[in-house]
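Written out below as structure tokens is the structure these notes cover.
Note that these values count all heavy atoms, side chains included, but never hydrogens, waters or copies made by symmetry. Quantities reported herein were computed from a predicted structural model and do not represent experimental measurements. Per chain, numbering begins at 1; letters A, B, ... match sequence-line order.
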Amino acid sequence: MAVIQAKYDAAETLIAARSQPEGAAWAVEARKGAQARLREMGAPHRRDEYWKYTNPASLIAADTPRADNFETSETRPFEMLDRLRLVFIDGVFDPKQSDPLALEGVEIEPLSTALNADIHWASSVYGVLEANGQKPVARPLAALNTAQAVQGFAIRVTGKAARVISLIYLRSSETADAMVHNVIKLEEGADLTLTENGPVAARANMVLEVEVARRAAFHHIRAQGRDHQRQAATHMFARLNTESSFKSFTLTVNGKLTRNEAVIEFTGDDAHATVAGACGGDGDFLHDDTVFITHDAVNCESRQVFKKVLRNGATGVFQGKILVQPGAQKTDGYQLSKALLLDDDSNFLAKPELEIYADDVACSHGSTCGEIDENSLFYLTSRGIPFACAQDMLTLAFLNEAIEEIEDPVIAGDIRDRLAAWMERRTG
Amino acid sequence: MLSIKNLQVSLEEEDKQILKGVDLEIGAGEVHAIMGPNGSGKSTMSYVLSGKNGYVVTGGSATLNGVDLLDMEPDARATAGLFLAFQYPVEIPGVGNMTFLRTAVNAQRKARGEAELTAGEFLKEVRAKAKTLKIDAEMLKRPVNVGFSGGEKKRNEILQMAMLSPKMCILDETDSGLDVDAMKLVAEGVNALRSEGRSFLVITHYQRLLDHIKPDVVHIMSNGQIIKSGGPELALEVENNGYADILAEVA
């Protein structure tokens, strides 16, 4: 009883911490609805089933835990792409550092503008996908985000986007608490690649809602910032229509606490979704991938491919679920989650789940954790490759299975190089 | 070249002695063969010399040109000039064969204080050597040994040997799992590498390989010791009569 009361009290504290933004009538309604959802479900608590591996206390603490800014001379990810750059500082859009909001095949509005206008498509997505994604598993931080976020973009894609859109999240303050909500609609046949990179803020609450219409394709590549003490709770909600495609990959190295949730629903037949991630953790590091994929249409394919390398007491968490609704025949669900533990101090906690109510489906899951293969290591070192280098080669080879989910070879190469550099910095 | 004196080795995990005092001297440019019944310690010796975990040296020594091998990590042994062609080459998904070869070649060059090969130089050399071993570009591109046939794996071992130019090569049952043509191809690859400054230790069960790779000396190993040494005719004797006579003779 005490736990439940604490959840409600914490929800009230979160609601009171920020004023509810003004906006168009529909937006005010959407926010009120989100606030009501949060009140009803309460704030996340470590006693909740879906938070038992990851303590949410620091994600909802009144004072933002401080995080040093990470200095590096290296180029940022995705700089080689032909792209439209949208830069945020501490989670606040900075037009001066950004490109003009104009791109062929795309309409881009700052979220605050979109929520002040009567934009029909935005009202059918903003907070709607998030609300759908609250059952059967509560995602209170996403509801909080819908209720309060004023930063982010509303992006409508009507054709093939002429360039990649890059959301670049830089930091300046050591204590900023960011809340960003991006909402994207891909109309029939549209195609967009969205990249996100950077730490966002000392603490960040991120929501991305993506509606993918018939035959549209959404590609998403994310590189979460390397700042060691940063914390982030991210939610990605996607609704996939007939023959649409959704592919998302996330690279995470460093960060004290990262909880990445992906909630995907197939509502049209013959669609495809991939959610993949490669992560490297060293020391005071917890990375949590929580995925929920609902097949509610015929002949859809979903792939979850997560690889984690953990050392010096780092912790990896995977909670992945495939739910196949009655009638969702010919579903092909694939779920792979593997961790490579480079020492005895590191941990991997995995909870793969399948819940199937159709009889003509193929669902597989594999979740393992292990160490580097001794025989492979001996083979490489017996050829003169030093131990540390051989270990890095095998580690990269292990992560490669997730990186291969990235379609664009240039981006995949960039991700590979970054992981190699991350390992090299550790082993010298 | 390789000097092994009274080498005694036990398993790390159980109290079991495998090598019970092996003595072996291989001079520069020589080819020695070791034959012997299953479980006599032949493969263990190759692993111990190249530094595999799981064994404890309880006595004796092994040096390569005067340098103590047993005190070094596996990569340092390789850099010092030792090469083991594996009986069962390891499959490594996710690591490209070319990347592996180039990393190995350059790691050794770097450790010896030599300039690393550029991508172009390396490619030229590997292509030429692969061609003589009938290894095509596709095989070079694939992950290390993944999906290779038995013959391809063994040829890949010889390619590594050719690229790394070791001084002392140990071939651990390189003929196992090979058909007659593949064995010939592998043997030709080995013969092409024979030189005054390079020695070979060929571990095999069958005399046939020694028709192709002609040894200077043949040793018979049994129960963790070398019990008899002789010329190539010793291998023929084993082929014709088995080990029973030799074992009886020594006992």
Would you say that more than 12 heavy atoms from the other residues, nucleotides or ligands in this model lie under 6.0 Å from the CG of D15(B), or not? no
Table up the donor-acceptor pairs between chain B and chain A that sit under 3.5 Å, atom names plus distance.
{"from": "N53(B)", "atom 1": "ND2", "to": "E374(A)", "atom 2": "OE1", "distance (Å)": "3.3"}
{"from": "D75(B)", "atom 1": "N", "to": "T381(A)", "atom 2": "O", "distance (Å)": "3.3"}
{"from": "L84(B)", "atom 1": "O", "to": "R383(A)", "atom 2": "NH1", "distance (Å)": "2.7"}
{"from": "L84(B)", "atom 1": "O", "to": "R383(A)", "atom 2": "NH2", "distance (Å)": "3.0"}
{"from": "Q108(B)", "atom 1": "NE2", "to": "R383(A)", "atom 2": "O", "distance (Å)": "3.0"}
{"from": "N145(B)", "atom 1": "ND2", "to": "Y379(A)", "atom 2": "OH", "distance (Å)": "3.2"}
{"from": "E157(B)", "atom 1": "OE1", "to": "R383(A)", "atom 2": "NH2", "distance (Å)": "2.7"}
{"from": "E157(B)", "atom 1": "OE2", "to": "Y379(A)", "atom 2": "OH", "distance (Å)": "2.3"}
{"from": "Q160(B)", "atom 1": "OE1", "to": "R383(A)", "atom 2": "NE", "distance (Å)": "2.5"}
{"from": "Q160(B)", "atom 1": "OE1", "to": "R383(A)", "atom 2": "NH2", "distance (Å)": "3.4"}
{"from": "Q160(B)", "atom 1": "NE2", "to": "Y379(A)", "atom 2": "OH", "distance (Å)": "3.0"}

Please state whether the side chain, the backbone, both or neither of P143(B) comes within less than 4.5 Å of a heavy atom of chain A. neither
Segment of V105(B) engaging chain A (4.5 angstrom heavy-atom cut-off): neither
If I compare all heavy atoms of G384(A) with all of A107(B), which pair ends up nearest, and what's the gap? O-CB, 3.4 Å
